[in-house]
2 protein chains.
Amino acid sequence: MDEFNALATFGALSNVTRLRILKYLVRMGCNGKTAGEIGKAVEATPSRASFHLATMTETGLLVSERRSREIFYKVNFNSIGNLVHYLIHDCCKGNNTVQSCCNPKDNCE
Amino acid sequence: MDEFNALATFGALSNVTRLRILKYLVRMGCNGKTAGEIGKAVEATPSRASFHLATMTETGLLVSERRSREIFYKVNFNSIGNLVHYLIHDCCKGNNTVQSCCNPKDNCE
DNA sequence: CTTATATTTCAAGTTTTATTGAAATATGGA
DNA sequence: TCCATATTTCAATAAAACTTGAAATATAAG
């Protein structure tokens, strides 16, 4: 992941509707859910849901697939993993676990 | 970390100036750097640097300390760790390493 | 007390992002 | 073909975030 994609992905995660879409889709599992179902779940109008789903798909957080008239969206876990890796690599100098990153012993005080 | 703080922290990381401030301060180590040095490093005017440093400090990403006329800022690694934990907990159902989160085997395909 | 340095705060303007509702596109069935 | 459903796209507006430069605050030194 490069800086441009990291910025876009952090931006995608910084909106409450999109963060709730992500949480909903994580719960809903591997088949994904339709744009309509997602919109209802997060209480967004169709066009608003579509707008946020497009943003999340552009950054790579979600992947979409049309099945007949419906479009299914699901989480791209690799994208989340890549973001975490980017954050840990750049912010914790290569330590690659949450534990070593967050250990107070490593935090200068 | 709650949803509100996660949103604010993702927002703090979604701006290129702030992301570069974070990277700079990670490199610069535990004593921190002054607002002036940080501003020069990321090519921001004093007021712009101050604005972004305030945003980052409010979310908990940075901590500040005045020493005489200067204000030193440094990274709060716990904040980054908490954010990663929030992301992994909510997005990967409790698996707490990057590896298990991102393993394609767990990704339904 | 005055001046200089470091930083923040404020108000104004600009840019970006988000919302809304209507219209357009895509698919499937009668 | 015509109609219904699902979703997206578009244009207009609204809201939030960012930038700028000037003024204010805080600290220190002469």
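Since this is a predicted model, take the numbers as computed values, not measurements. Order of the sequence lines sets the chain letters (A, B, ...), proteins ahead of strands, with each chain counted from 1.
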Worksheet item: For D/dT7, does OP1 or OP2 lie under 4.0 Å from any side-chain N or O of A/T34?
Response: yes
Worksheet item: When we call it a touch if two heavy atoms are under 4.0 Å apart, what does A/Y73 touch: a base, just sugar-phosphate, or nothing?
Response: sugar-phosphate
Fill in: B/M56 CE to D/dC18 P, straight-line distance once rounded to whole Å
12 Å
Discussion item. Could you tell me if the side chain of A/L13 sits less than 4.5 Å from the side chain of A/L83, heavy atoms only?
Written reply: yes
Worksheet item: If the sugar-phosphate is the primed atoms plus P, OP1 and OP2 and the base is the rest, what is the B/S/- string for nucleotides 21-30 of chain C, using protein heavy atoms under 4.0 Å?
Response: BB----BS--
Discussion item. If I take atom NZ in residue B/K33 and atom C1' in nucleotide C/dT7, what distance separates them, rounded to the nearest angstrom?
Written reply: 17 Å
Discussion item. With a 4.5 Å cut-off on side-chain heavy-atom distances among I, L, V, M, F, W and Y, is there a chain of contacts connecting A/L22 to B/Y86?
Written reply: yes
Worksheet item: Does the A/S50 side chain pair with the main chain of A/S47, one donor and one acceptor, at a distance under 3.5 Å?
Response: no
Worksheet item: Is any side-chain heavy atom of B/K74 closer than 4.5 Å to a side-chain heavy atom of B/V63?
Response: yes
Worksheet entry | Closest to the A/P46 side chain, choosing from D/dT7, C/dA18, C/dT7 | D/dT7
Discussion item. Under the criterion salt bridge (charged side-chain N to carboxylate O under 4.0 Å, His left out), I'd like the reasoning laid out for B/E3 against A/R20: C-alpha separation, chi angles, the key distance, then a yes or no.
Written reply: CA-CA 10 Å; B/E3 185 182 67; A/R20 287 176 183 170; 2.7 Å; yes
Practice prompt. Could you state the atom-to-atom distance from CD1 of B/I71 to C1' of C/dT8 in whole Å?
Written response: 8 Å
Worksheet item: D/dA17 P sits how many Å from B/L7 CG, rounded?
Response: 11 Å
Worksheet item: Are OP1 or OP2 of C/dA18 and a side-chain N or O of A/N15 less than 4.0 angstrom apart?
Response: yes
Discussion item. Please report the distance, rounded to the nearest Å, between CG in A/L13 and C1' in C/dA18.
Written reply: 17 Å
Discussion item. If we count only N and O atoms by modelled type, under 3.5 Å, do the side chains of B/E58 and B/T55 hold a donor and an acceptor together?
Written reply: no
Discussion item. Nearest whole Å is fine: how far is C/dA4 C1' from B/E70 CD?
Written reply: 14 Å
Response to the item:
Here the gap from B/K23 atom NZ to A/H89 atom NE2, rounded to the nearest 0.5 Å, amounts to 9.5 Å
Response to the item:
Whole-Å distance, A/F10 CZ to C/dT16 P, equals 21 Å
Fill in: Any A/H52 side-chain nitrogen or oxygen under 4.0 Å from OP1 or OP2 of C/dT19
yes
Discussion item. With nearest nucleotide decided by heavy atoms, which residue, B/F51 or A/T55, maps closer to the 5′ end of DNA chain C?
Written reply: B/F51
Worksheet item: Quick one: A/I38 CD1 to D/dT7 P, roughly how many Å, whole number?
Response: 8 Å
